[in-house]
Chemist: 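I have a structure I would like to understand better, so I am pasting it below and will then ask my questions one at a time.
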Number of protein chains: 2
Amino acid sequence: MKEIKIKDYLFEHGIRPVNKRVKIMNYLVSKRNHPTAEMIYLELVNEIAGLSKTTVYNTLNLFVQEEVVHALNIESNELRYDADISQHGHFKCKECGEVYDFSFNKDLIQDLRLKNFVLKDFQFSINGICSICHQH
Amino acid sequence: MKEIKIKDYLFEHGIRPVNKRVKIMNYLVSKRNHPTAEMIYLELVNEIAGLSKTTVYNTLNLFVQEEVVHALNIESNELRYDADISQHGHFKCKECGEVYDFSFNKDLIQDLRLKNFVLKDFQFSINGICSICHQH
DNA sequence: GTATCTGCAAAACATTTGCAATTCT
DNA sequence: AGAATTGCAAATGTTTTGCAGATAC
């Protein structure tokens with residue numbers, strides 16, 4: 001997605017597309033690497049003159065609030081961010097730390113205890129060993 | 001489960017069943033309320049003379065390491081603990097904050113991207129509105 | 001008696017907040 | 001000009017760590 005498209009996308013979701021926001025969104029959309037705020041800051045601080053961590057946090061919180069980005073609780077000590085807001089789960093490899101997406105069918109949750117519950121946000125994370133690390 | 005049973009249970013899992021550990025495990029097993037470390041501390045500090053938060057954390061970390069308790073990433077800013085180590089998910093109500101268990105079948109994951117992956121720990125959390133809050 | 005456990009205080013760490021300066025339209 | 005955004009420094013809140021004293025078996 002081009003930056004001009006991202007500008008439109010943010011604008012359509014009620015987010016003023018100021019430069020730093022566009023750059024951060026562009027990073028999320030093009031890398032698709034489920035980064036932490038720290039990772040985004042470290043990658044962009046050289047590219048964006050005078051970027052601060054506060055702005056990264058402000059921007060990510062705005063994106064989450066306006067629902068163009070999901071915050072992921074994959075690990076307890078850090079929040080990761082994902083611009084893919086379609087329903088999917090995340091697998092994190094204990095060996096290499098890589099995060100992989102996977103799909104699941106929520107219709108297979110059939111528990112009477114959730115009768116008449118309104119299910120809103122799904123967070124499905126699995127950890128283990130990925131196929132690459134498993135070969136060794 | 002009686003405290004004597006809990007003593008045996010801890011011992012069988014390689015955990016020396018000292019008094020404070022038995023009390024903390026007993027709390028988790030009898031309440032089944034997915035508490036935070038803070039909640040456990042506040043509930044037990046009156047019952048156990050001179051309990052400290054450090055001991056609560058030490059004990060919970062030991063329980064997680066020895067796999068008699070699961071640490072839950074339901075919310076990003078706090079870890080919750082569950083002595084029910086069977087596979088199940090957690091629903092948290094946005095209104096009342098109550099956490100409910102639900103069962104799921106891991107067959108709902110059908111994704112070729114996880115072929116040859118070793119799936120170890122499952123964390124499935126949903127939030128939304130529970131049936132009680134939804135009536136109002 | 002020796003290894004383990006405990007608790008205090010301090011440290012670590014990610015994230016949030018207050019507020020003054022800057023920037024955008 | 002006026003409102004929104006930014007960034008610094010300080011605050012917050014949870015969890016961890018170092019270490020000396022207490023306790024368990």
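Just so it is clear, the model here is predicted, and its values are computed rather than measured. By convention in this document, chain letters (A, B, ...) are assigned in the order of the sequence lines, proteins followed by strands, and residues within each chain are numbered from 1.
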Chemist: Just by modelled atom types, is the Ile15(B) backbone N or O under 3.5 Å from a matching donor or acceptor in the Glu66(B) side chain?
Modeler: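 Answer holds: no.
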Chemist: If you assign Thr54(A) and Val18(A) each to the DNA chain C nucleotide with the nearest heavy atom, which residue ends up on the more 5' nucleotide?
Modeler: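 Looking at DNA chain C, the more 5' nearest nucleotide goes with Thr54(A).
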Chemist: Would you kindly give the CG-to-P distance between Leu51(B) and dT6(C), to the nearest whole Å?
Modeler: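 It is 9 Å, rounded to the nearest whole Å.
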Chemist: Could you check which residues of residues 56-70 of chain B get a heavy atom under 4.0 Å from DNA chain D? Sort them by number, please.
Modeler: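 Of all residues in residues 56-70 of chain B, the ones placing a heavy atom under 4.0 Å from DNA chain D are Tyr57(B), Asn61(B).
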Chemist: Got a donor-acceptor contact below 3.5 angstrom from the Gln123(A) side chain to the Ala71(A) backbone?
Modeler: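 Yes; at least one donor-acceptor contact below 3.5 Å.
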Chemist: If you measure from the Lys or Arg side-chain nitrogens to the Asp or Glu carboxylate oxygens, is any gap between Lys92(B) and Glu75(B) under 4.0 Å?
Modeler: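 Result for this pair is yes, salt bridge flagged.
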Chemist: On DNA chain D, does the nearest nucleotide to Pro17(B) precede the nearest nucleotide to Ile15(A) from the 5' side, or the other way round? Give the residue.
Modeler: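 This one resolves to Ile15(A).
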Chemist: Under the rule for side chain to side chain donor-acceptor pair (under 3.5 Å), what residues qualify as partners of Asp82(A), not counting sequence neighbours?
Modeler: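 Asp82(A) satisfies side chain to side chain donor-acceptor pair (under 3.5 Å) with His88(A), His90(A) once adjacent residues are dropped.
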Chemist: What residues from residues 71-79 of chain B pass a heavy-atom cutoff of under 4.0 Å to DNA chain D?
Modeler: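 Contacts with DNA chain D under 4.0 Å: Asn77(B), Glu78(B), Leu79(B).
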Chemist: Which listed nucleotide (dT5(D), dC8(C), dA9(D)) is nearest to the side chain of Arg16(A)?
Modeler: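 Within the option list, the nearest is dT5(D).
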Chemist: Rounded off to whole Å, could you give me the CD1-to-C1' distance for the Ile48(A) and dT5(D) pair?
Modeler: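 Atom-to-atom, Ile48(A) to dT5(D), this comes out as 14 Å.
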Chemist: Taking atom P of dA14(C) as reference, at what distance in whole Å does atom CE of Met39(A) sit?
Modeler: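 One finds 13 Å between P of dA14(C) and CE of Met39(A), rounded.
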Chemist: Hey, could you give me each pair passing salt bridge (Lys or Arg N to Asp or Glu O under 4.0 Å) that has a residue in residues 110-120 of chain B? Not counting sequence neighbours.
Modeler: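 Non-adjacent pairs meeting salt bridge (Lys or Arg N to Asp or Glu O under 4.0 Å): Asp111(B)-Arg113(B).
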Chemist: For residues 55-85 of chain A, pull every pair meeting ring pair (Phe, Tyr, Trp, His ring centres under 6.0 Å), keeping only residues two or more places apart or in separate chains.
Modeler: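 Listed by first then second residue: nothing to list.
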Chemist: Would you classify Lys20(B) as touching base, sugar-phosphate or nothing, given that sugar-phosphate means primed atoms plus P, OP1 and OP2, and contacts are heavy atoms under 4.0 Å?
Modeler: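 Result for Lys20(B) = sugar-phosphate.
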Chemist: What is the distance, rounded to the nearest whole Å, between atom CD1 of Ile40(B) and atom C1' of dT14(D)?
Modeler: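 The answer, rounded to whole Å, is 14 Å.
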Chemist: Tell me the interatomic distance from Tyr81(B), atom OH, to dT14(D), atom P, rounded to whole angstroms.
Modeler: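 My rounded result for the distance is 12 Å.
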Chemist: Can you list every ring pair (Phe, Tyr, Trp, His ring centres under 6.0 Å) pair that touches residues 104-126 of chain A, not counting sequence neighbours?
Modeler: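 The answer is Phe102(A)-Phe124(A), Phe104(A)-Phe124(A), Phe104(A)-Phe124(B), Phe117(A)-Phe91(B), Phe117(A)-Tyr100(B), Phe124(A)-Phe104(B), Phe124(A)-Phe124(B).
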Chemist: Rounding to an integer number of Å, can you tell me how far Lys53(A) NZ sits from dA11(D) C1'?
Modeler: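 So the NZ-C1' distance, Lys53(A) to dA11(D), works out to 16 Å.
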Chemist: Among dT15(D), dT15(C), dT5(D), which is the nearest nucleotide to the side chain of Ala37(B)?
Modeler: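 That would be dT15(D).
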Chemist: Whole-Å distance between dC24(C) C1' and Arg21(A) CZ?
Modeler: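 These atoms are roughly 11 Å apart.
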Chemist: Check whether more than 12 heavy atoms from other residues, nucleotides or ligands sit under 6.0 Å from atom CD1 of Ile132(B), and answer yes or no.
Modeler: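 Atom CD1 in Ile132(B) is not packed in, count stays at 12 or less.
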Chemist: On a heavy-atom basis, which atom in Leu51(A) and which in Val56(A) lie closest, and how many Å separate them?
Modeler: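 In terms of heavy atoms, the two residues are closest at CD2-CG2, 4.0 Å.
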Chemist: Between P on dT5(D) and CG on Leu10(A), what's the gap in Å once rounded to a whole number?
Modeler: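 Roughly 12 Å, once rounded to whole Å.
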